[in-house]
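Scroll down for the structure; my scribbles are underneath it.
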Amino acid sequence: PSATEWSCDGITNDYDCNDSDSSEPAYVDVSSGSASGDGSFDSPYDTIQAGIDAAGECVIVEGGTYTEAIDFAGNDITVTGVEGAASTIIDASGLGVPAATFASGEQATLQGFTLTGGDGYIESSSSSYACTSITTCTDYYDTYAGGGVYIDGADPFLIDLIIEANSLPVSSTTVIG
């Protein structure tokens, strides 16, 4: 797409969320962006997270492999991989966290990405109760969550995603008594 197609000066297109706001959408391109970019078409961000952190409504992401994990951190925004899931990859390999996190009440949209290399979490909990008049019993629970996408207390829209080659922690069992 040309710069005109990305323009937000009243031009209606499928990628900008607010045609009256010249700062929208935030633009991300791993091949031509930089850490000092301002998110414009001429000076894109080089990471999706930078776009998420700066955007008010939406982020458009060019195809490529983005070696990072993203966290929407409460931002109710739309993040779109404009070249689709087969060409726009979030690779969280080696970071020890899910590829995408929605854990702050977001109603955000993630569309057009492959999410890979993410790691999940073990969430442990327990409950105690009186099992006899002199003994307290405790039940322990482990819940495995995350990997490609971690959702906790949020309601995201996940569209046109490929979620593959992510992992959860290895399960172990300890019996006492």
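Positions are given from 1 along the sequence.
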Looking only at non-hydrogen atoms, find the nearest pair between [X] and [Y] and report the distance.
X	Y	answer
Asp142	Ser124	OD1-OG, 2.7 Å
Thr116	Ala165	OG1-CB, 3.5 Å
Ile52	Ile70	CD1-CB, 3.9 Å
Ala99	Ile90	O-CG2, 4.0 Å
Ala92	Ala69	CB-CB, 4.1 Å
Ala100	Leu115	CB-CD1, 4.2 Å

Any side-chain donor-acceptor pair under 3.5 Å between [X] and [Y]?
X	Y	value
Thr136	Ser128	no
Ser34	Ser36	yes
Glu123	Tyr144	no
Asp91	Thr65	no
Ser167	Asp119	yes

How many angstroms lie between atom [atom1] of [X] and atom [atom2] of [Y], to the nearest 0.5 angstrom?
X	Y	atom1	atom2	answer
Gln111	Thr80	CD	OG1	4.5 Å
Thr138	Tyr141	OG1	OH	10.0 Å
Asn75	Gln107	CG	CD	13.5 Å
Leu110	Leu161	CG	CG	5.0 Å
Thr78	Glu57	OG1	CD	8.5 Å
Glu68	Thr47	CD	OG1	5.0 Å

Strictly by ring pair (Phe, Tyr, Trp, His ring centres under 6.0 Å), give each pair with a member in residues 51-104 just once, sequence neighbours left out. Phe72-Phe102
Beyond-backbone contact of Phe113 with Val79, side-chain heavy atoms, under 4.5 angstrom: yes
Any donor-acceptor pair under 3.5 Å from [X] side chain to [Y] backbone:
X	Y	result
Asn166	Gly118	yes
Glu164	Ile162	no
Gln49	Asp71	yes
Glu83	Gly63	yes
Thr88	Gly84	yes

Listing, residues 152-160 side-chain donor-acceptor contacts under 3.5 Å, not counting sequence neighbours, or none:
unit_1	atom_1	unit_2	atom_2	d
Asp152	OD2	Tyr150	OH	3.4

Please step through side chain to side chain contact (heavy atoms under 4.5 Å, CB included) for the pair Thr143 and Tyr121, ending with a clear verdict. CA-CA 8 Å; Thr143 302; Tyr121 300 109; over 6 Å; no
Would a hydrophobic clustering, with Ile, Leu, Val, Met, Phe, Trp and Tyr connected at side-chain separations under 4.5 Å, put [X] with [Y]?
X	Y	value
Ile89	Ile48	no
Ile60	Phe41	yes
Ile163	Val61	yes

Take Val28 and Glu62, measure what side chain to side chain contact (heavy atoms under 4.5 Å, CB included) needs, and give me the verdict at the end. CA-CA 6 Å; Val28 179; Glu62 288 289 345; over 6 Å; no
Heavy atoms of other groups near Tyr129 OH, more than 12 under 6.0 Å: yes
